[in-house]
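Every value quoted in this text rests on a predicted model; they were computed, and no experiment measured them.
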Amino acid sequence: MTAAQSTKTFIEVQFPIGPLSVESYIERLPYVGKPMNSLGKWWGSKPLVLTRAIILGSVFPASDDPERWPDDLAIFLRCMTLDNAGMWKRKTEALPAKLCYPMATTAEKAELFQDSERWVRGADREQKLALERRRFYAMDYVDQREYCCRIEQIDGPPEESWAEINAYLGNTAKTLPELIEQLSIRRYGKRLKVGDAFSGMGSIPFEAAELGCDVYASDLNPVACLLTWGALNLLGGTDEFRATVHAEQKRVYDEVDAWIMEKGFESSEEGWRAEAYLYCIEMTVPEWDGWKIPVCPSWVIAPKTETWVELVPIEPEKRFGFKVHHGGTGYADADSGTKQGGDVVCPPPLWEIFKKQGRHQQIPRTIPYNQLIENAGGLRRWENADVVPRTGDILLERLFCIRWRKPDWTDERGRERRGDLVYREPRAHDLDAEMSVLDELRQVFDRWQASGWLPSWRIEAGQETTRLTREKGWGYWHHLFTPRQLLVLGDYSRRLGDCEDQTRAALTLALGRLTEANARLVRWKRGDGGGVGGTVSVYYNQALNTFPNYVTRSWKHLAFQAHPEYQDFSGDGKKESQSIDARLVSQSCQVWITDPPYSDAVNYEELSEFFLAWYVPHLKAAFPGSNTDSLRSKAVKGDDAPFRVAMAECYRNLAQHMPDDGMQVLMFTHKSTDVWEDLALIMWSAGLQVKQVWSIATETPGAGVRTGNYVQSTYNMVLRKRTGDKVGFVDFITPQVNKRVKEVITRMRASQIEAGLARCGYTDTDYLLAAQAAAAEVVTGYATIDGVDLDAELRTANNQRGRSALRTLMENAKRTATDFLLPPAMDRAIKKVSGGDAYQFWRQFCAEEKFLLKGLEGEAQGVFKLGAFQDLGRAYGLVDYESLLGPTRANDTRTSLPEELPRPEALRFDEVPSSDRGLWRYSPTRHIYHALKLLSDGADAERAVKHLVDSTDFWNLRTTRLPAILGYLQETTARMPHWAPYQDALTQLAIGVEHHRG
């Protein structure tokens, strides 16, 4: 290395957060295939590319001379294949002709192009690639990325880069694992060992293993441990083991399939094979003469073929049959099912019967769903022996449609054609098959449950699990599955008992995929497959959602879940995984990289019991002596003192199990700024100091459309053991915190521009959290602050904590950050009136003005959650921010309208003491709101303007602050329905202010 080497690592002084944000964001997109998806379902796995950068950055040496840091960065980017040569190796898409044409020479244009937008067919490949390469190297990273694969999809830097990498670092590596091993030996004297004590799905240890590191991974949750084991031993295992697993998967699947075909459980009378069975609940409604009503939000099955279900009244039985149609006059009305919102709706055919009987005027057309349940005496709690509802239950179950697949066939040209789909109502043969399935299940149920092939666990109460009993009456985990599902899954589970232990563990992962894709919580999504319909698995979000209609997939339709293909990502390092509490870990690692539980963000232990109830016999056999309980009581969770104490104990233990020059990187994603205050306290108590915080945009939209001020970033806190006994005081530390906050947010803004705002932009919440993290970075460097016993504060319940030194510093950091949160519309309004430096202009607003104006920006973006306004109020240090709000309902909160604010004090501006002129009640925004109220009440523009002349420093503000505020209000509220009555008033007031001459 040409510059003197320091003890600091690259990640402690710089990190390419712009390109890493883009790479992480793309890797996290839901439609991007990822190698670990084959293992099963877990929540919150962090991007592999981010882990790779962290591991490399933790051993990559930083130059002593800051002037050499740009050179360090250039080499680091080469190692990460984020430079031109690396991006060229990652390039998988050809550049379009129109992009290359302007850079082509005259000769190239003649030989390679038909015209400026088309290549010549059959053009010389080498000549064309040479031109593409010149053009590609001239593009910036964001544009290059459109034509490239992900970083983990190639084997590292191209050969041409290694000469420069090795020359700069003084190494002889030819691969990334070799480079990391050589750098680790130089720093630690041995191969790098990376640990993760909250391994979850195992993405961190998996990437560490792929990079050739020794790996230690642990988690308290046995489902997470199985996934981590799979990451290290299936994806990161030998070719022989993977081949054995793939062969066993096929064998077991085929055996179950042959058994199902022999029994005829999934065959139609014509011999077609079923793909999906659609069910709905059925309720007896006394108010509708005791009719049994099939309850479903929509009777449209497949919009592509206009397939829908007609409810056919069976009057003697007071129930409905089903008839499947394709198109016809009823299709348009089929979307309106028998459950709309919280109400059960009388089916139109039944309503017509009531009309013929002349009774419809005395009968309600809709009845609240919950009222029907209450009137029936509530839901019966299911017992262990129950696999279907009992006669007399308020919630029954009906099969109303089956999707069949006709046999494949060969056309006249010898081409294989797939059989057509057929949607059909269940016929007598199909209903007989349903009864055969139920009879078969009842014959084996006790025996299979005693052996563990079927779950026997009770559903324990919890935030997510309680709803299963409350909403459905289910009391055991097997109640979440229909008889058909229980039978095939139980038979699959039974056959795993014949597998060798390690293979059995691997097939248990496939069992998890099968259960998650085939339960009573699986819903029908009619728009899938281009409109032919499909299923949405249980955990499409972090909840156990129940539905009035659900779907059972046939065994044939579960082939993909039963045959996961595990790719080869093997590494040479030692790998160990363990089910253990992080507080009890005894392994030592040079680098710990952890993504810990975040307060109550995800109820891992509850959600994992869905799988664990099926896994017990297989985990006991494959991992004798291992834990097979979710250990709810030991889970690190909550948002009060016990959570802080448990987290501190975890990280104190990890600190004790790393060398003095070791490092920890803590990944954290949470929207609550209060949790960050706790995190600073936790790290301080654990004896760790935050050295750097790097904010990487990693989060992508989940199911549905996410609007609002969601956090988009993962904060990567670089931690070292705290040394020394430095004593600090709030007054002395505050300027340091402010300086660091400004540096961090300025860096984030710059990286956002670099990464492309539309791709992975930070939200205001991200900036506030970054401020908290920056404050933690400064605070954790002190052994004591103002003599406060921070360890005692760690253990003090929230409702007993006062305003500590730490809290003061954290809140000050948020207020500093808010100065940077200038709404773009306000920036434009300030520039329009030539208001000077926009940030300085924004800082001159009082806290209430900022809250009100920023709140309006949120409303314009669709933010109406109370929590967003609470965070904003805390950020501005407002105790009484609710006085600036209109309604304050959980998901329907907004700022006050002019008419909702009280009349301001009737003081002329020159009568207000100079010391009070910066207060909210005398502010320009407050009086503009009152002027708008006057106009909306019928006053003329002259009177409204006169109010501003009398109540504000009008003549000094007339050409700057007043028109900027009015311009901002006009732009921001233009499309808000609740501001519609004020649009004319805003225009009148803006014109009045501009033309008033006194």
Side-chain angles (χ1 to χ4, degrees), residues 16-34 47-50 52-53 70-71 73-165 167-168 174-176 696-697 700 750-761:
I17 62 178
L20 282 178
S21 288
V22 172
E23 297 291 344
S24 297
Y25 181 89
I26 291 173
E27 185 183 328
R28 293 273 287 175
L29 289 171
Y31 53 79
V32 171
K34 293 175 274 289
L48 300 177
V49 64
L50 178 55
R52 175 174 295 197
D71 299 329
L73 176 60
I75 297 300
F76 185 86
L77 292 175
R78 277 192 177 276
C79 295
M80 289 295 299
T81 63
L82 290 167
D83 66 316
N84 278 334
M87 298 296 284
W88 178 255
K89 182 177 180 180
R90 292 167 56 196
K91 179 177 167 291
T92 55
E93 301 291 333
L95 299 184
K98 64 181 180 182
L99 199 60
C100 298
Y101 186 83
M103 189 173 278
T105 64
T106 302
E108 288 171 332
K109 288 178 180 177
E111 295 180 26
L112 300 176
F113 295 88
Q114 292 187 44
D115 52 44
S116 63
E117 295 193 354
R118 289 183 295 172
W119 296 103
V120 167
R121 285 192 175 185
D124 182 87
R125 177 175 173 78
E126 293 302 319
Q127 191 177 12
K128 181 181 175 183
L129 277 177
L131 174 57
E132 275 197 74
R133 185 166 184 156
R134 291 205 315 273
R135 182 67 189 89
F136 189 79
Y137 275 41
M139 296 161 62
D140 62 27
Y141 161 77
V142 175
D143 291 332
Q144 288 177 342
R145 186 60 185 79
E146 298 296 325
Y147 303 93
C148 297
C149 67
R150 301 195 307 278
I151 285 176
E152 77 273 10
Q153 292 177 291
I154 63 168
D155 60 0
E159 186 176 348
E160 66 192 81
S161 293
W162 281 112
E164 188 171 346
I165 292 169
Y168 190 82
K174 294 182 180 178
T175 65
L176 278 176
I696 306 295
T700 60
S751 71
Q752 180 163 284
I753 295 170
E754 177 186 355
L757 175 62
R759 298 292 295 279
C760 48

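- Residues forming a side chain to side chain donor-acceptor pair (under 3.5 Å) with Asp155 (at least two apart in sequence, or on another chain): Lys89.
- Separating the CG atom in Leu73 from the CE atom in Met80 is a distance of 11.5 Å, to the nearest 0.5 Å.
- Here the side chain of Tyr141 pairs a donor or acceptor atom with the backbone of Pro19 at under 3.5 angstrom.
- Of the possible donor and acceptor atoms, none in the side chain of Glu164 sits under 3.5 Å from a partner among the backbone N and O of Ile75.
- Of all non-hydrogen atoms in Ile154 and Thr81, the two that sit nearest each other are CD1-CG2, 3.8 Å.
- Of all the heavy atoms in Leu77 and Pro16, the pair that sits closest is CD2-CB, 3.9 Å.
- When all heavy atoms are compared, the tightest approach of Glu27 to Val49 is OE1-N, 3.2 Å.
- Closest approach of Ala85 to Pro158, counting heavy atoms only: O-CG, 3.7 Å.
- Rounding to the nearest 0.5 Å gives a distance of 11.5 Å between CG of Leu50 and CD1 of Ile17.
- For residues 91-101, the side chain to side chain donor-acceptor pair (under 3.5 Å) pairs, not counting sequence neighbours, are Lys91-Glu132.
- Note that CZ of Phe113 and SG of Cys100 are 5.5 Å apart. Values are rounded to the nearest 0.5 Å.
- Of the inter-residue distances, the one linking Arg134 atom CZ with Leu95 atom CG reads 12.0 Å to the nearest 0.5 angstrom.
- In summary, Glu108 and Arg135 do not engage in a salt bridge, as defined by a charged side-chain N under 4.0 Å from a carboxylate O.
- One distance of note links CE of Met139 with OH of Tyr147; it measures 5.0 Å at 0.5 Å rounding.
- When all heavy atoms of Tyr137 and Trp88 are compared, the closest pair comes out as CE1-CB, 3.9 Å.
- By the salt bridge (charged side-chain N to carboxylate O under 4.0 Å, His left out) test, Glu117 pairs with no residue at all, sequence neighbours left out.
- Note: Leu82 CG to Ile151 CD1 = 4.0 Å, rounded to the nearest 0.5 Å.
- Taking the side chain as every heavy atom from C-beta outward, Ser161 and Arg78 approach each other to under 4.5 Å.
- Residues Leu176 and Pro157 form a side-chain contact, since some pair of their non-hydrogen atoms from C-beta on lies under 4.5 Å apart.
- Considering Arg28, Arg52, Arg150, Arg145 as possible partners of Glu23, the one that fulfils the side chain to side chain donor-acceptor pair (under 3.5 Å) test is Arg145.
- In terms of modelled atom types and a separation under 3.5 Å, the side chain of Gln114 and the main chain of Trp119 share a donor-acceptor contact.
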